[in-house]
Amino acid sequence: MAAARRTAKGVWDRFSASDPGLLRLMAGLRTVGAILLALAVLALLGTSVTHLVAGAMTAMVATFAIQEKEVRGQAVTLLLGVPVALAAISLGALLNSRVVAGDVFFVLLIFGAVYSRRFGDRGTALGLIGFQVYFVSLFVNAEASALPGLFLTLAVAFAASAVVRFAVVPETPERTLQRLREAFRARLAQLIAHQIELLDAGTDDVDDVLDALRRSTARLHEAALMIQGRLEEGTRDAAAAALLQRRVADAEIAAERLGVLLLNARSAERVDTLTLHLPDASAMPPRAKIAEDAGTALRRDLNALHLLVVRLVPDDRGTALPYVRNRLLGYREEQGLPKGPPAVQDCFRAVGEAARAILGLRLAVDGSRDEEYDTPEAARSREEFEAEEISFSGGAEEDEEERTGLRRPTTRAAVQVSVGSALAIVGGEFLSTQRWYWAVLTCWVVFLNTASTGEIVVKGYRRLVGTVLGVVAGVALAGAVGNHTWIAFALVLLCVFGMFFTAPLSYAMMSFFVTAMLGLLYTLLNTYSLDVLVLRIEETALGAACGIIAAVLVLPVRTSHRTDEELGTVLARLRDVVSAAVAQLSGGPAVDLVDLARDLDTALDDLRSSTKPLTHPIAPLRARRQTARYVVALLETCAYHARSLAATAELVPSSKSVAADARLALAGRRITHNIDLIAAQVRDEEPDGAIESGASIAAMLDSGRHEVLRTGSVAFRVLRHLQRLDEGIVGLARPLGVPLAGREEKAAAAAKS
């Protein structure tokens, strides 16, 4: 029985790690539940199949359109959505026979729905409800005489959505944050498990394990960012949110650093941290021989660390876990440190740092529960956490420049999608006077959550691919269902769940499920035919083409322009983190480094998103694709070292083992100077100077270099992160066209020769 429970928990942990916070699962269940309840009530009322279809589509819209985090805000938006939906269905029915007036109103509705996104989640939801319900009226061919029945159908659909949202599958910020914390724990356990595999992997298995390690590191980072996005609503106050944010960042950095040091220990030569980040990285250097005793001890301690993560729950009691934790914490202060090569001993120290981070995370989530078992090392760690909490103070956020007029993204997108929709209406009427709205829907969808022409092109391509595959599935499902109405509705629900569960992962898969669902809905409405599904492909292609034409010709935002903007933001955030961390390590005043690091991570995620059109397989410029990947990979490496520097600098005010060193300011000035030069080049300004490089960071310090490198892991860690940052920034200069200093150019020429 115990083995079965452990197996079940392991399976659940893997699923939880694949869906952080179960957000996709909850979205799918909530939408399917709302549709089921609406169908059940409407069936009891004896409504027609047409009204059942309208009710199912409206319940789906009323559920997925609302994305606000607070329950009260969700309720208000859902209530406001009722009159918006009633007005949309009424106008759709009244304008059904007036072609010109209906088309003009539809374009105006599209403009208003997109423009309303500037008013936040509520404006976005109400605009989406208005557009989609008007689309429902076109889909079921609503007429004025059917409005009373449609009003009842919409009321039932919204009521069903409310019941499922607030009673059956409730969604509160606190519950979401709790599930995200559990997902973070599961992903942290996965990462440590892959690190154990790396330690034991043979030469033939290294590449596969390294890929798994890279994916686990990225997934842990994703979960950390998702937690940070939910902190303010899911915690009792701003101080608790800041504390949890700090502890999550500490745990992420400690686990990431442990993986890097394990790579170092596995290699005959030091492995650069690019191995963790670069796509298509070369195979790791050959495995080094690790002393058997040291390898056994390291494997034992990694398993112990994994146990601490797996048992990171408040109901654990007894002395076993505190004993394991205390032993690992002692490694931070060289207490009981196993013998072995320096690279392996660095791993033991990193295990101690990870154990400390896990302790801090547990204290932030559940409070202090087992301090009676503390050793002096564990007690000092608790004191450091308390001192950090007392000294913490949040910084004021900078106000970003407010864009106005056509420079505002929502206004520009509203104009673009309106022009594209007008083209889609005209072209769609030539293809079909009855189902032209599919072209308009595609044009609308490709503009959602996109910010550049390249993103629109890629999204249109994915929708077309998903639609073609969905048509094939729709033909098969429609033939299998025949006239069995409730079997068709059951398959529709499966398609709806698949649509919402896969939406964040693959837009093509979501389009596949949408098109397969439409084939079933057409079957229910007795309007199914192969010609209809082929027309769906044609209208989709037309809508995507109209959207791309509008994006290219009307107020275009070039992909390169957007990526340059995001790259400039990342460089600015990187400079902020590096300068503040080095200043604090040099004896300067304490600042909120965790908040600065979070801003860097957010900016880097935005840059990744903006470069996807450049790195997509359909992108025609191969050299540009490789350059974009290389730049993003270097920035990811620089961000890792900047976060690690920030985490170390955070210890300076409260730790007895981390002391400030004024000599580090010189290295910090060189790195920030180089970042400024690269940022100027990105802004199309003439760089004031050339990239400075040459002597290593350790050599830049005064006498006593060897003493610094031998005094302890903290001093060496700071120098190593600064050195890697310096190398990463110099590496960025070449693909971005920033001039290098003369001596560097000579050295590069000599290396080539």
Side-chain angles (χ1 to χ4, degrees), residues 57-58 60-62 64-65 80-81 83-96 98-140 142 405-406 408-451 453 455-456 459-460 463 511 514 539-557:
M57 296 180 71
T58 304
M60 180 177 67
V61 172
F64 80 76
L80 292 174
V84 172
L86 294 177
I89 201 82
S90 300
L91 289 167
L94 294 173
L95 297 173
N96 185 30
R98 297 173 174 82
V99 177
V100 177
D103 291 351
V104 172
F105 174 76
F106 201 12
V107 172
L108 293 176
L109 176 63
I110 290 170
F111 179 88
V114 177
Y115 185 79
S116 65
R117 289 158 56 187
R118 64 169 297 198
F119 300 109
D121 289 338
R122 180 164 298 164
T124 301
L126 295 179
L128 192 56
I129 289 172
F131 172 82
Q132 293 286 1
V133 172
Y134 190 87
F135 173 81
V136 169
S137 73
L138 298 174
F139 186 79
V140 300
L406 294 178
R408 182 182 287 121
T410 51
T411 305
R412 182 181 62 247
V415 173
Q416 287 178 323
V417 74
S418 298
V419 173
S421 298
L423 295 174
I425 289 174
V426 175
E429 291 277 5
F430 281 107
L431 288 176
S432 171
T433 57
Q434 293 181 328
R435 295 185 176 86
W436 52 269
Y437 45 78
W438 288 123
V440 181
L441 181 65
T442 299
C443 182
W444 155 279
V445 169
V446 297
F447 276 95
L448 292 179
N449 300 320
T450 54
T453 304
E455 292 180 32
I456 292 170
K459 195 169 185 181
R463 185 170 182 86
S511 301
V514 169
E539 296 280 3
T540 299
L542 175 65
C546 291
I548 293 170
I549 290 172
V552 171
L553 299 180
V554 182
L555 305 175
V557 177

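Computed from a predicted model, the values in this text were never measured in an experiment. Heavy atoms only: backbone and side chains are in, while hydrogens, waters and symmetry mates are out.
One finds the NZ atom of K459 at 12.5 Å from the CD1 atom of I548 (value rounded to the nearest 0.5 Å). Atoms CD1 and CD1, from I456 and I549 in turn, are 12.5 Å apart once rounded to the nearest 0.5 Å. L109 contributes atom CG, which lies 8.5 Å from atom CG of L91 (distance to the nearest 0.5 angstrom). In this structure, CG on L138 lies 9.5 Å from CG on L95, to the nearest 0.5 angstrom. To the nearest 0.5 Å, atom OG1 of residue T410 and atom CZ of residue F119 are 8.0 Å apart.
Of all heavy-atom pairs between C443 and G420, the closest is SG-C, 3.4 Å. Considering every non-hydrogen atom in both L542 and G427, the closest pair reads CD2-C, 3.3 Å. Considering all non-hydrogen atoms of both residues, A85 and V133 come closest at O-CG1, 3.4 Å. Taking every heavy atom of both residues into account, M57 and F139 meet most closely at SD-CD2, 3.6 Å. Across all non-hydrogen atoms, the minimal contact from S137 to I89 is CB-CD1, 3.6 Å. Of all heavy-atom pairs spanning I129 and V61, the tightest one is CA-CG1, 4.0 Å.
Although no hydrogens or angles enter the test, the distance criterion places a donor-acceptor pair under 3.5 Å between the side chain of T442 and the main chain of W438. Panel note: side chain S116, backbone G123; a donor-acceptor pair is recorded below 3.5 Å. For the pair T433 (side chain) and E429 (backbone), a donor-acceptor distance under 3.5 Å is absent. Distance alone, capped at 3.5 Å, places no donor-acceptor pair between the E539 side chain and the L431 backbone.
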### Task
Might you work through the side-chain contact (heavy atoms from CB on, under 4.5 Å) test for R118 and T411, ending with a clear yes or no?
CA-CA 8 Å; R118 64 169 297 198; T411 305; 5.5 Å; no
### Criterion side-chain contact (heavy atoms from CB on, under 4.5 Å) on F135 and L441, from CA distance to verdict
CA-CA 8 Å; F135 173 81; L441 181 65; 3.8 Å; yes
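Looking at heavy atoms from C-beta onward, W436 lies in side-chain contact with D103 at the 4.5 angstrom threshold. At a threshold of 4.5 Å between non-hydrogen side-chain atoms, the residues Y134 and I110 do not count as touching. Side-chain contact between V446 and T450: absent, with no pair of heavy atoms (C-beta onward) separated by less than 4.5 Å. Side-chain contact between E455 and V557 is absent, with no heavy-atom pair separated by less than 4.5 Å. Y437 is listed as a side-chain neighbour of R435, based on a closest heavy-atom distance under 4.5 Å.
The aromatic rings of F106 and F131 sit parallel to each other, their planes meeting at less than 30°, with 60° as the upper class boundary.
Taking a 6.0 Å sphere around CD of Q434, one finds it holds 12 or fewer heavy atoms contributed by other residues, nucleotides or ligands.
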